[in-house]
Amino acid sequence: LAISTAKLIGLQEVGPSSFNSKGGGAEFGDGMWKKLIPQMINAKLNLEREMYGVSWPADDQTPPQLINYFVGFVDASEKYPDHFQELSLEGGYYFEYKYVGAAADIDKGFLKAYTEELPASGLTSREGQHLEVYGADYDPQAPVIKFSILIPVK
């Protein structure tokens with residue numbers, strides 16, 4: 001799957017990855033979205049759009065225990081809150097794993113994507129931004145959630 005470069009707008013923090021031996025990856029990610037969405041509502045920004053979670057290692061461990069995590073959307077030249085940040089989506093080729101399951105099992109979905117599905121594809125991962133793509137109809141409160149996990153490949 002080829003992804004184009006884009007300018008994203010949103011929020012960024014450092015926290016535990018889904019591979020963190022102490023856990024907390026799913027809770028960290030969920031917390032970031034719970035910060036972004038109310039701020040988008042307050043700024044009267046449309047929520048019915050494709051949204052992105054972008055991560056890259058924040059430590060030298062393999063797999064990373066800490067990640068930089070950005071949550072946001074493609075810049076649509078709207079007026080954004082001053083504290084929103086910009087991130088350049090690098091683009092490139094990605095392996096796509098479509099997660100379908102309970103929100104509580106999201107870390108298991110990431111583990112499956114990275115440790116089972118990517119190796120079975122025969123593709124080779126590369127350094128770069130790791131993406132989560134949530135469709136305009138994504139509902140985190142639904143009993144079954146659906147989104148794409150995109151892993152950078154050569």
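These numbers come from the heavy atoms of this one structure, side chains and all, not from hydrogens, waters or symmetry mates.
- Using a 4.5 Å cut-off between side-chain heavy atoms of Ile, Leu, Val, Met, Phe, Trp and Tyr, Val144 falls into a hydrophobic cluster with Val100.
- The number of heavy-atom neighbours closer than 6.0 Å to CG of Asn46, taken from other residues, nucleotides and ligands shown, is above 12.
- Residues satisfying the salt bridge (Lys or Arg N to Asp or Glu O under 4.0 Å) test with Asp59, not counting sequence neighbours, are none.
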Counting only pairs under 3.5 Å, give me each side-chain donor-acceptor contact of residues 21-38, with atom names and distances, residues two or more places apart or in other chains.
| from | atom 1 | to | atom 2 | distance (Å) |
| --- | --- | --- | --- | --- |
| Ser21 | OG | Gln65 | OE1 | 3.3 |
| Asp30 | OD2 | Lys34 | NZ | 2.9 |
| Trp33 | NE1 | Tyr69 | OH | 3.2 |
| Lys35 | NZ | Glu13 | OE1 | 3.2 |
| Lys35 | NZ | Glu13 | OE2 | 2.5 |

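- Clustering ILVMFWY residues whenever any of their side-chain heavy atoms sit less than 4.5 angstrom apart, transitively, puts Leu47 in the very cluster that holds Ile9.
- Here side chain to side chain donor-acceptor pair (under 3.5 Å) pairs that include residues 115-131, with residues two or more places apart or in two chains, are Tyr114-His130.
- Here salt bridge (charged side-chain N to carboxylate O under 4.0 Å, His left out) pairs that include residues 143-154, with residues two or more places apart or in two chains, number zero.
- Partners of Ser17 under the side chain to side chain donor-acceptor pair (under 3.5 Å) rule, at least two apart in sequence or in another chain, do not exist in this structure.
- Rounding to the nearest 0.5 Å gives a distance of 5.0 Å between CD of Gln39 and CG of Leu11.
- How far CD1 of Ile149 is from CG of Leu118: 11.5 Å, rounded to the nearest 0.5 Å.
- Counting only residues at least two apart or on different chains, the salt bridge (charged side-chain N to carboxylate O under 4.0 Å, His left out) pairs with a member in residues 44-57 are Arg49-Glu78.
- Of all heavy-atom pairs between Ile67 and Ser55, the closest is CD1-CB, 3.8 Å.
- Taking all atoms of both residues into account, the shortest heavy-atom contact from Phe110 to Ser18 is CD1-OG, 3.6 Å.
- Tyr138 meets the ring pair (Phe, Tyr, Trp, His ring centres under 6.0 Å) test with Tyr134; sequence neighbours excluded.
- By the salt bridge (Lys or Arg N to Asp or Glu O under 4.0 Å) test, Lys7 pairs with Asp75, Glu86, sequence neighbours left out.
- Heavy-atom minimum distance, Pro119 versus Ala113: CD-O, 4.5 Å.
- In this structure Gln85 satisfies the side chain to side chain donor-acceptor pair (under 3.5 Å) test with no other residue, sequence neighbours excluded.
- Closest of all the heavy-atom pairs between Ala103 and Ile145 is CA-CD1, 3.6 Å.
- Residues passing the ring pair (Phe, Tyr, Trp, His ring centres under 6.0 Å) test with Tyr99, sequence neighbours excluded: Phe147.
- Residue Trp56 belongs to a hydrophobic cluster whose other members are Leu1, Ile3, Leu8, Tyr52, Val54, Phe70, Val74, Leu87, Leu89, Tyr94, Leu131, Val133, Leu150, with links defined by side-chain heavy atoms closer than 4.5 Å.
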